[in-house]
Amino acid sequence: MKKTLQISSLTLVFLFSMFIQAHPTEVPSKKTKTYVLVQSAWLGAWQWQQVAQTLETAGHTVITPDLAGHGSDKTPASDITMETYVNQLLAILDSQQEKVVLVGHSFNGITVSRVAELRPKKIDCLVYLTAFLLPNGASFYDAVQGVPDSKAVENFFLSEDQTQAFVKEEAMQNAFAHDIPAEAFNQAKAYIVPEPATPLGYKLEVTDAVFGKIPKYYIECTEDRAIPIASQRGMYEGKVKKVFTLNSSHTPNFSQPDKLAFILLDVIRK
């Protein structure tokens, strides 16, 4: 859980690509965009490798940051707040000349919502990948209260000093990635990191006047055992322009990366 991240593109291809059927390469689009793909909790930029490759092959620019405390970033969990994440993403958006397609996976749906509130003119649209699409004033902890049948919630716990969050190791694959081979998951497990706990308590600050006017899309995952489909639908109902569906676990970026990438390409055609 606490090993230093040392993972090459070749290693990631071995871990996941060898288990996934190839799909036809997407024909490059005449309309190029910049995608900013924001990881889920416990993972890092590495989770997007195959999705990013497909988007880049189609002619788009893809930015996949490691949020603080994840991937190659070694910021101590005790130093990380939601503001830390938000400032990282604001710096990226501020460096872009054009609007971006901002994608948030899982917990970081909350993060991209806050970023969009602060930089609406930098956002072409928001995409929530089985993510927390919450109202003003709600937090991750609020959202998971009373959620039934979530294998992630059932096995969630905090470190003794309350600075890091975990899901029990023996429950991880079932909760997040039951649709990839155990061998692949077990080899990648060393790169899953403890989640900084403080951002989980952040209560979202957004307004209808700003955040409410930004176009939003939702990618629901019907076989998700972390955020069950009923919870996903309860969060996005009435709030998004279009819903796309994948019959996948919480991590289609591993089990169905090409299908996920093609949905992200479809979003910019709407």
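These numbers were taken from a predicted model, which means no experiment stands behind them.
Although no hydrogens or angles enter the test, the distance criterion places a donor-acceptor pair under 3.5 Å between the side chain of Lys74 and the main chain of Gly71. Side-chain atoms of Glu117 come within 3.5 Å of backbone atoms of Phe211 as a donor-acceptor pair (strictly under, hydrogens ignored). Remark: the backbone N or O of Val193 is not paired with any side-chain donor or acceptor of Gln164 at under 3.5 angstrom. No donor-acceptor pair under 3.5 Å is formed between the side chain of Asn108 and the backbone N or O of Gly104. For Gln232 (side chain) and Ala131 (main-chain N/O), no donor-acceptor pair under 3.5 Å exists by modelled atom type. In this structure, Gln39 contributes its side chain and Leu67 its backbone to a donor-acceptor pair below 3.5 Å. For Arg225 (side chain) and Ser249 (main-chain N/O), no donor-acceptor pair under 3.5 Å exists by modelled atom type. When atom types are taken as modelled, the side chain of Tyr128 and the backbone of Ser106 share no donor-acceptor pair closer than 3.5 angstrom. Remark: the backbone N or O of Ile227 is paired with a side-chain donor or acceptor of Asp224 at under 3.5 angstrom. Distance alone, capped at 3.5 Å, places no donor-acceptor pair between the Glu56 side chain and the His60 backbone.
Contact detail for Ala152 and Ala175: the closest heavy-atom pair is N-CB, 3.8 Å. Closest non-hydrogen pair, Glu195 versus Ala41, comes out as OE1-CA, 3.3 Å. Nearest heavy atom pair, residue Asp73 against residue Ala68, reads OD1-CA, 3.4 Å. Of all non-hydrogen atoms in Leu134 and Leu204, the two that sit nearest each other are O-CD2, 3.3 Å.
Side-chain atoms of Val38 and Leu102, non-hydrogen and from C-beta on, do get closer than 4.5 Å to each other. Using a 4.5 Å cut-off on side-chain heavy atoms (C-beta onward), Glu223 and Asp179 make no contact. Here the side chains of Pro120 and Ile123 are not in contact, with every heavy-atom distance at 4.5 Å or above. The closest side-chain heavy-atom distance from Gln88 to Asp66 is not below 4.5 Å. No side-chain heavy atom of Met235 sits less than 4.5 Å from a side-chain heavy atom of Pro135. By the 4.5 Å heavy-atom criterion applied to side chains, Val101 and Val36 are not counted as neighbours. Between Lys203 and Asn136 the shortest side-chain heavy-atom distance does not fall below 4.5 Å. Here the side chains of Phe254 and Leu43 are in contact, with some heavy-atom distance below 4.5 Å.
With sequence neighbours excluded, no residue forms a side-chain hydrogen bond (donor to acceptor under 3.5 Å, both in side chains) with Asn155.
Cluster membership check: Leu158 shares its hydrophobic cluster with Val144, using side-chain heavy-atom separations under 4.5 Å among Ile, Leu, Val, Met, Phe, Trp and Tyr. Residues Ile229 and Val147 fall into different hydrophobic clusters, defined by Ile, Leu, Val, Met, Phe, Trp and Tyr side chains chained together at heavy-atom separations under 4.5 Å. Clustering ILVMFWY residues whenever any of their side-chain heavy atoms sit less than 4.5 angstrom apart, transitively, puts Val210 in a cluster other than the one holding Val115. When the side chains of ILVMFWY residues are joined at heavy-atom separations under 4.5 Å, either directly or via intervening members, Val243 and Val112 end up in a single hydrophobic cluster.
Residue Gln96 qualifies as enclosed at atom CD: its count of foreign heavy atoms under 6.0 Å is above 12. Surrounding CD of Glu170 are more than 12 heavy atoms belonging to other residues, nucleotides or ligands, all under 6.0 Å away.
Salt bridge annotation for Asp94-Lys122: absent, with no cationic side-chain nitrogen under 4.0 angstrom from a carboxylate oxygen. Salt bridge annotation for Asp266-Lys242: absent, with no cationic side-chain nitrogen under 4.0 angstrom from a carboxylate oxygen.
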Next on the checklist: Does Thr75 form a side-chain contact (heavy atoms from CB on, under 4.5 Å) with His70? I'd like the steps, not just the answer.
Outcome noted: CA-CA 8 Å; Thr75 304; His70 300 79; over 6 Å; no

Item to check | Intermediate values then yes/no, side-chain contact (heavy atoms from CB on, under 4.5 Å), Thr111 and Leu89 | outcome: CA-CA 9 Å; Thr111 309; Leu89 295 177; 3.8 Å; yes

Next on the checklist: Assess the residue pair Tyr35 and Val100 against the criterion (side-chain contact (heavy atoms from CB on, under 4.5 Å)); give the C-alpha distance rounded to whole Å, side-chain angles, the decisive distance to 0.1 Å, and a yes or no.
Outcome noted: CA-CA 6 Å; Tyr35 290 84; Val100 308; over 6 Å; no

Item to check | Residues Leu200, Met82; criterion side-chain contact (heavy atoms from CB on, under 4.5 Å); working and verdict | outcome: CA-CA 8 Å; Leu200 303 179; Met82 176 57 75; over 6 Å; no

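Within the 6.0 Å centre-distance limit, the rings of His105 and His250 are counted as a close aromatic pair. If you look at Trp42 and Phe176, their ring centroids are closer than 6.0 Å.
Between Thr81 atom OG1 and Tyr85 atom OH the span is 9.0 Å, to the nearest 0.5 Å. If you take CD on Glu205 and OG on Ser113, they are separated by 12.0 Å, rounding to the nearest 0.5 Å. Between Lys168 atom NZ and Asn174 atom CG the span is 13.0 Å, to the nearest 0.5 Å. Taking NZ from Lys99 and CD1 from Ile214, the interatomic distance works out to 9.0 Å, rounded to the nearest 0.5 Å. Going from atom OG1 of Thr64 over to atom CH2 of Trp48 covers 9.5 Å, rounded to the nearest 0.5 Å. To the nearest 0.5 angstrom, Thr84 atom OG1 is 8.0 Å from Asp79 atom CG.
Of the listed residues (Ile63, Val127, Leu55, Leu129), just one forms a side-chain contact (heavy atoms from CB on, under 4.5 Å) with Leu37, and that residue is Leu55.
Between the side chains of Thr251 and Asn253, no donor-acceptor pair of N or O atoms lies under 3.5 Å. Side-chain polar atoms of Thr245 and Glu220 form a donor-acceptor pair below 3.5 angstrom. Looking at Glu98 and Thr34, their side chains never bring a donor and an acceptor atom within 3.5 Å of each other.
Sequence neighbours left out, not one pair with a member in residues 206-218 passes salt bridge (charged side-chain N to carboxylate O under 4.0 Å, His left out).
Below 30°, between 30° and 60°, or above 60°: for Tyr191 and Trp46 the angle between ring planes is above 60°, a perpendicular geometry. Between Phe140 and Phe132, the ring-plane angle classifies as perpendicular under the 30° and 60° cut-offs.
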